[in-house]
Number of protein chains: 2
Amino acid sequence: MGQSNPPFMSGVPELLCLQVIAQGETYGYDIVRRIRLLTGEAIVLGEGVVYPVLHSLERAGRLKARRRTVDGRSRVYYRLTAGGRKRAEALNERWQRVRAGMDMALSGGGDAALYVE
Amino acid sequence: MGQSNPPFMSGVPELLCLQVIAQGETYGYDIVRRIRLLTGEAIVLGEGVVYPVLHSLERAGRLKARRRTVDGRSRVYYRLTAGGRKRAEALNERWQRVRAGMDMALSGGGDAALYVE
DNA sequence: TTGGAATGCCTTGAACTGCGAGGTAATATA
DNA sequence: TATATTACCTCGCAGTTCAAGGCATTCCAA
């Protein structure tokens, strides 16, 4: 019955994961670290956010996973599929739209006294 | 113990309401309309979002409400308190920070220098 | 050598937000 | 007279994000 849209502000963790993976095959633990560094600590997503996102992306065919052992460390490496790249673009556009909307809303000076009609 | 931080991406509806009210005393129904117009339809918040935000802001002493009848219409007009102005600034800064973080993450093309520890 | 820190994966339960749907009532418009 | 618009409100769900934990391995310092 009640089919509701996702919150207008969602999909950001998903976008960030896709964006990181788009720059080269990586694994979950590293994605967590890179999002933190890439955003200058502005956005810090824990493993409890990232891993479920990764799994759902893989289930949706947007990521391809493969297990590799590097330096004696067993990791699950992810890379984008074509669908993943498309998804990243769609989310990016959605974000840019929201961002632009916020810019418009916030650029109107906050002081009513400035506006003498 | 069970104290969790709000989601990193929240507080945007609240910020938008404060921002609109900062431009002059208004009422809920109008705020809904103006957010839609201000953001170029990029962000459309329904009454089910706006009214609860207004009430919680008032409860927190960040808005002052007064009932007025204009053109035979009874409305609840809101204006910012000093606390409301401070809150708006804090949320604005938080947003700018997230926005900047996203900009960094999404502009990621080549600089590996970004994530050197 | 032993124990803590870091790496690396995972899930669970709860919190929180945002959302649609619905309800009421007055006024305007056709 | 009916229907649309204005204007207020609340309920309860749905989707997301979160902290907190658990597990196993490897690394390093005491």
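The figures here come from the full heavy-atom set of this structure, side chains too, leaving out hydrogens, waters and symmetry mates. Letters go in sequence order (proteins before strands), and every chain restarts at 1.
The residue from A:Thr39, A:Val53, A:Val50 that alone fulfils the side-chain contact (heavy atoms from CB on, under 4.5 Å) condition with A:Leu45 is A:Val50.
Nucleotides of DNA chain C nearest to A:Arg67 and A:Met9 differ in position, and the one nearer the 5' end is that of A:Arg67. Of the two residues contacting DNA chain D, namely A:Gly11 and B:Asp30, the nearest-nucleotide position lying further toward the 5' end is that of B:Asp30.
Residues forming a salt bridge (charged side-chain N to carboxylate O under 4.0 Å, His left out) with B:Arg33 (at least two apart in sequence, or on another chain): B:Asp30. Under the ring-ring contact (aromatic ring centres under 6.0 Å, His included) criterion, B:Tyr77 pairs with B:Tyr27, not counting sequence neighbours.
Here CG of B:Leu38 is found 8.0 Å from CD of B:Gln19. Values are rounded to the nearest 0.5 Å. With rounding to the nearest 0.5 Å, the separation of CD1 in B:Ile35 from CD1 in B:Ile43 is 8.5 Å. Between the OH atom of A:Tyr78 and the CD1 atom of A:Ile31 there is a distance of 7.5 Å, given to the nearest 0.5 Å. In this structure, A:Leu91 CG and A:Arg87 CZ are separated by 4.0 Å, a value rounded to the nearest 0.5 Å.
Computed from coordinates, the B:Phe8 CZ to C:dT17 P distance equals 14 Å when rounded to whole Å. What separates CZ of A:Arg36 from P of D:dC18 is a distance of 14 Å, to the nearest Å. Distance B:Glu14 CD to C:dC16 C1': 13 Å, rounded to the nearest Å. When the P atom of C:dG18 is taken as reference, atom CD1 of B:Ile31 falls 15 Å away, rounded to whole Å. The CD-C1' distance, from A:Glu58 to C:dC10, rounds to 14 Å in whole Å. The interatomic distance linking A:Leu91 (CG) with D:dG15 (P) rounds to 16 Å, in whole Å.
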Anything under 3.5 Å between a donor and an acceptor, one on a side chain of residues 60-72 of chain A, the other on a protein residue two or more places apart or in another chain? List them.
unit_1, atom_1, unit_2, atom_2, d
A:Arg66, NE, A:Glu25, OE2, 2.8
A:Arg66, NH2, A:Glu25, OE1, 2.9
A:Arg66, NH2, A:Glu25, OE2, 3.1
A:Arg67, NE, A:Ser74, OG, 3.1
A:Arg68, NH1, A:Glu25, OE1, 3.4

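Candidate nucleotides D:dC9, D:dA19, D:dG15 were compared by shortest atom distance to the side chain of B:Asn5, and D:dA19 ranks first.
Within residues 41-55 of chain B, the residues having any heavy atom closer than 4.0 Å to DNA chain C are, in order of number, B:Leu45, B:Gly48, B:Val49.
Every pair tested for ring pair (Phe, Tyr, Trp, His ring centres under 6.0 Å) that includes a residue from residues 29-62 of chain B fails, sequence neighbours excluded, so the list is empty.
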Between the protein and nucleotides 3-7 of chain C, list the N/O to N/O atom pairs that are separated by less than 3.5 angstrom.
unit_1, atom_1, unit_2, atom_2, d
C:dT7, OP2, A:Tyr29, OH, 3.3

